[in-house]
Amino acid sequence: MHREALAADALVVAPYLLNKVIVHGERAARIVEVEAYQGAEDPASHAYRGRTARNATMFGPPGLLYVYFTYGMHWCANVVCGPEGSARAVLLRAASPLEGLCAMRKARPRARAVEDLCNGPAKLCQALGITGAANGVDLLGDGELRLVSDGVEPPDEPAVGPRVGVAAGAELPWRFWVPGSPSVSRPSSSAPTMGTVDRSGRRRKAHSSR
DNA sequence: CTTTGGATCGTCT
DNA sequence: GACGATCCAAAGG
């Protein structure tokens, strides 16, 4: 991972981050779902209305981790991208556990299946132990938290769709995910990539109820 | 399987 | 004072 690759536009960096690995100490997971947020030009971005104490990290250089607190109980993590000051970022929505499964299960005792450990932006932070204390850390440095490549390339044709949980720009296909990954938070909201899809877009295997 | 509502608090208006 | 870039359990079909 080099910083220059993250200095591109969020719509370029987002699919580029698919299949990269987020590492926190002994824990590691492969990123399988992301969303692009376009700074001042994006009504859904925390930076839409300018710089505040909360979103200050987004205005920093590419490669920083922007962590925010929401719904009174959840942390979510973004990779800052674009040129410094552009306040663009990519939300890490879901990942596939690679290492440190024990620690992840300890952090998320409610999760049953492995694919449920990191299949959501807040679940991912919970499983990896990412909190507000990590806001502003450099993911390309030599700290506990790092963003690395293990050689697995992004998908040739990532699945795309509208972002989750945002009213503004609901028509924009700014969510990207690895087609067919069992760890994606919402496998499909429009076009199925594998098997059949029910009305709410959740995966469903023929004749089975899990 | 689907839908609903509760939890819970920092941030910005 | 209102409302989230969410998650989960419980209740209803």
Side-chain angles (χ1 to χ4, degrees), chain A residues 10-11 13-15 17-18 22 31-59 64-82 87-95 97 104-105 107-136 160-177 183-189 192 195-210:
Chain A
L11 290 177
V13 175
L17 289 181
L18 292 176
I22 178 83
I31 297 163
V32 298
E33 181 185 350
V34 296
E35 282 176 359
Y37 285 86
Q38 298 278 46
E41 304 160 25
D42 179 1
S45 170
H46 288 171
Y48 183 56
R49 303 201 177 268
R51 180 172 182 150
T52 67
R54 174 176 67 154
N55 65 24
T57 298
M58 297 181 90
F59 289 80
L64 297 192
L65 186 68
Y66 166 51
V67 183
Y68 68 90
F69 185 67
T70 191
Y71 290 106
M73 66 194 85
H74 295 307
W75 298 100
C76 294
N78 298 250
V79 176
V80 174
C81 66
R88 299 178 195 284
V90 174
L91 171 70
L92 303 181
R93 278 201 59 89
M104 292 188 192
R105 287 194 177 285
R108 289 185 40 73
R110 297 243 191 75
R112 304 295 294 157
V114 174
E115 59 263 30
D116 292 333
L117 284 170
C118 304
N119 63 343
K123 297 178 190 177
L124 182 157
C125 285
Q126 215 175 339
L128 285 166
I130 296 174
T131 69
N135 182 40
V160 302
R163 294 177 294 185
V164 176
V166 303
E171 74 288 353
L172 302 168
W174 288 359
R175 169 174 172 249
F176 304 82
W177 68 96
S183 296
V184 165
S185 71
R186 283 178 50 185
S188 175
S189 52
T196 60
V197 172
D198 65 22
R199 199 164 59 232
S200 75
R202 291 206 186 87
R203 261 176 310 111
R204 182 172 62 185
K205 260 188 167 178
H207 297 295
S208 107
S209 56
R210 173 172 276 273

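When reading the values below, keep in mind they use all heavy atoms of this one structure, side chains included, and skip hydrogens, waters and symmetry mates. None of these values were measured; they are calculated from a predicted model.
Looking at residues two or more places apart in sequence or on another chain, you find a side chain to side chain contact (heavy atoms under 4.5 Å, CB included) between A/P121 and A/C76, A/L91, A/R93. Partners of A/R49 by side chain to side chain contact (heavy atoms under 4.5 Å, CB included), not counting sequence neighbours: none found. Remark: A/A14 engages A/V34, A/A36, A/V90, A/F176 in a side chain to side chain contact (heavy atoms under 4.5 Å, CB included) (not counting sequence neighbours). By the ring pair (Phe, Tyr, Trp, His ring centres under 6.0 Å) test, A/Y68 is found to be paired with A/H46, A/Y66, residues two or more places apart in sequence or in another chain being considered. Legend: residues meeting side chain to side chain contact (heavy atoms under 4.5 Å, CB included) with A/A40, ordered by chain and number and at least two apart, are absent.
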Applying the Watson-Crick and G-U criteria (both distances under 3.5 angstrom) with [ ] for crossing and | for other-strand pairs, one obtains for DNA chain C ||||.|||||||.

Taking only N/O atoms, report every protein-nucleotides 11-13 of chain B pair under 3.5 Å with atom names and distance.
from   : atom 1 : to    : atom 2 : distance (Å)
B/dC12 : OP1    : A/T52 : OG1    : 2.3

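For A/H74 and B/dT8, the NE2 to C1' distance is 9 Å, given to the nearest whole Å.
On the nucleic acid side, DNA chain C has its first and last nucleotide under 4.0 Å of a heavy atom of chain A at C/dG4 to C/dA9, going 5' to 3'.
A/V114 has its side chain within reach of A/R105: a pair of non-hydrogen atoms, C-beta onward, lies under 4.5 Å apart. Residues A/M104 and A/L128 form a side-chain contact, since some pair of their non-hydrogen atoms from C-beta on lies under 4.5 Å apart. Counting heavy atoms from C-beta outward, A/V166 and A/Y37 have side chains that approach closer than 4.5 Å. Within the 4.5 Å cutoff, the side chain of A/L65 has heavy atoms near those of the A/I130 side chain. For the pair A/V67 and A/T131, the minimum side-chain heavy-atom distance is 4.5 Å or more.
Sorted by first then second residue, the salt bridge (charged side-chain N to carboxylate O under 4.0 Å, His left out) pairs that include residues 39-48 of chain A, not counting sequence neighbours, are A/E41-A/R88, A/D42-A/R163. Here side-chain hydrogen bond (donor to acceptor under 3.5 Å, both in side chains) pairs that include residues 70-80 of chain A, with residues two or more places apart or in two chains, number zero.
Projected onto DNA chain C by closest heavy-atom contact, A/Y66 and A/K123 fall at different nucleotides, the more 5' of which corresponds to A/Y66.
Atoms CD1 and CG, on A/I31 and A/L92 in that order, are 5.0 Å from each other to the nearest 0.5 Å.
Nucleotides B/dG5 and C/dC3 place their C1' atoms 16 Å apart, quoted to the nearest Å.
Across all strands shown, A/A44 has heavy atoms under 4.0 Å from base atoms, whether or not it also approaches the sugar-phosphate.
Contact check of residues 126-136 of chain A against DNA chain C (heavy atom, cut-off under 4.0 Å) returns no residues at all.
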